[in-house]
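Notes to accompany the following structure.
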Amino acid sequence: MGELRLMKGNEVIAEAAIRCGCDAYFGYPITPQSEVMETLMAREPWNQTGMVVLQAESEVASINMVYGAAGAGKKVMTSSSSPGISLMAEGISYIAGAELPCVIVNVQRGGPGLGTIQPSQADYFQSTKGGGHGDYRLIVLAPASVQEMHDFVGLAFELAFKYRNPAMILADGAIGQMMEKVELGEFVARQTTEQVDAQYGSWATTGKKKSRAKNVITSLELDSALMEQNNLRFQEKYRKMQQDEVSFEAIRCEDADYVLVAFGSSARICQKSVELARAKGIKVGLLRPITLFPFPSEPIARLAKQVKGFMTVEMNAGQMIEDVRLAVNCAGERNPVHYFGRLGGIIPTPGEVVEALEQKLIGG
Amino acid sequence: MDVKDIIKEENLVYSKPSLLSDKITHYCPGCSHGVVHKLLAEVIEELGIQEKTIGVSPVGCAVFAYNYIEIDWQEAAHGRAPAVATGIARVDPDKVVFTYQGDGDLASIGTAEIMHAANRGENIVVVFINNAIYGMTGGQMAPTTLLGQVTATTPCGRDLERNGYPLKITELIGQLPGAAYVSRQSVHTPAAVRKCRKALRKSFENAMAKKGTSFVEVVSTCSSGWRLSPVEANKWMEENMFPFYPIGDIKDGQKAEAGDFMQQNLKN
Ligand SMILES: Cc1ncc(C[n+]2csc(CCOP(=O)(O)OP(=O)(O)O)c2C)c(N)n1
């Protein structure tokens, strides 16, 4: 058993980064995730593991520092909240286009605009459909507990390097701010310069040796025929993710007549809703996507053969519902798919969810 | 007859720097970019730091700088080269990192990144090509465009009321405590080329010695953007740019010590 601690979600992101051998963090303060950098600065990992932590002048600078350090073959991350992620969009697109691994944490708050500092899931589209310009995808992981905030840092790096693609941890203000018991991982040593060179020397800017051609990190290709090839290669990579990396949790779905689909904080709420509904004699299950991209379309399609209907529960105006409908309809099924959610930083209550379920699916 | 038969080893007085690739550049005749590339290749070769040097190319005409100098490169988003260079230099402090940026890239869209990188005293070299115009996008006004200068977006000449003043960003950088060496050079004559190369060499030495940010502006020509012949462009630059952007060192030293800035009685 690893070390047990009571920690905030944001703090544990920092602790997990240090422990998994992260080389650098670049960020800019924004509520509700400022504790990530504050914790890192207080921990002074440069004295322990040599990890670099730098407060940048903006999110634009942060993400471009991430680009530089990732291009050098390092394990590098940033974190922000919704408006800051919007500002990073161009940089994230460059990182995807140059095929660099990195981890981006979005502790979402309500928008649009400056919006609110309260929790939200309104960046689902932005995270899962691209966000910046061009045809690219992020690997998107949605933690629903402080433990998962910890575990997904290492996992996100693993996937990011496996596919040489940016990975996002899509949390929200509630998970970032809440405290829970967490089991911390063992310390993994940062990679040495020699290890980085041996593993990533074929593409990273580790310094041009006489023995190899120069490495160039770029997303630019003016020859359309070659640029099309690049795009096709990216699409192939995304297809492979869809095939191999889908992750989800199914709670009491075996005998369910109705299934709630929810991720992150709202999935936590829905766990309680499932209990409340079952106490009333309604057989409800919960399907919780852990990877939002790749989306668990197949498990949803399988459930569609069994259940009477689905309801997504989202802290937004209904974004993931589109992917659930696609999953159901593309499987040739016609189950009703409804949405219930609260907006602007309001977290739905378990009771509200059951009420909505009764109204929309059962009564309707 | 082979070229070796014509040029005898003992008669050789000049050769192409070995780090300059054989690729034909995409630059227009009379453009300063090519000369500055050659100087960079020479300096990196001279200092023997090919295996340690990482270049960061901009968005602008020099975006393809990575095709011409045989080192590892990263291509940055428009204006963000100093942030990209910061990322590299921070995780790989043994590397010598330089950015190569135009005036639109550095002095307009990327003003924040260059100011803060230099203010942090990042151990990087910044090569700043000031041709008073946006070359790549077809000759629009740059922040450094002179008052009265005709460009694609100032067809009647840059107007003070509409467009504000030409920006002397190099002088601003010279004010920052993180800057070690700040200089303005040009490459329009053999003598100027030699001086520019000295400035570049000093900058790379500073980066190796971790003295802070070294910044070399090269007042440059853009004959295509200016709609002039290469010879006319040089003349136009001498007559119009040099009076406003005087050539010479602005700061030569190293970044300030913390002691110069600490409040004596700072209490937390
Ligand atoms: C975000 C963004 N905005 C605008 C552009 C279009 N753009 C490409 S190069 C350039 C200006 C380049 O001018 P300068 O930096 O002076 O370099 P030069 O081409 O003159 O060498 C612009 C505006 C872009 N690529 N990205």
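Labels below follow one simple rule: chain letters A, B, ... track the order of the sequence lines, proteins then strands, and each chain is numbered from 1.
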- Item | Per-residue contact mode, B:Ala76 against chain A (heavy atom under 4.5 angstrom) | backbone
Atom [atom1] of [X] with >12 non-hydrogen neighbours under 6.0 angstrom:
X: A:Tyr200; atom1: OH; result: yes
X: A:Glu228; atom1: CD; result: no
X: A:Gln48; atom1: CD; result: yes
X: A:Glu236; atom1: CD; result: yes
X: B:Ile24; atom1: CD1; result: no

Return the minimal non-hydrogen interatomic distance between [X] and [Y], and the atom names on each side.
X: A:Ala72; Y: B:Asp92; answer: CB-OD2, 3.7 Å
X: B:Ala83; Y: A:Ala61; answer: CB-O, 3.7 Å
X: A:Ala69; Y: B:Gly87; answer: CB-O, 3.6 Å

Residue among [options] with most heavy-atom pairs under 4.5 Å to chain B:
options: A:Lys208, A:Lys209, A:Lys210; result: A:Lys208
options: A:Thr205, A:Val216, A:Thr218; result: A:Thr205
options: A:Leu54, A:Val66, A:Val196; result: A:Leu54

Proximity breakdown for [X] and chain B, heavy-atom pairs closer than 4.5 Å:
X: A:Arg212; answer: side chain
X: A:Leu222; answer: side chain
X: A:Ala70; answer: neither

- Is a side-chain donor or acceptor of A:Tyr67 paired with a backbone partner of B:Glu75 at a separation under 3.5 angstrom? yes
Is there side-chain contact between [X] and [Y], with heavy atoms separated by less than 4.5 Å?
X: B:Met115; Y: A:Glu57; answer: no
X: B:Ile88; Y: A:Met65; answer: no
X: A:Ser58; Y: B:Glu113; answer: yes

- For chain A, which residues of residues 47-74 of chain B have at least one non-hydrogen atom nearer than 4.5 Å to it? B:Gln50, B:Glu51, B:Ile54, B:Val59, B:Val63, B:Phe64, B:Tyr66, B:Asn67, B:Tyr68, B:Ile69, B:Glu70, B:Ile71, B:Asp72, B:Trp73, B:Gln74
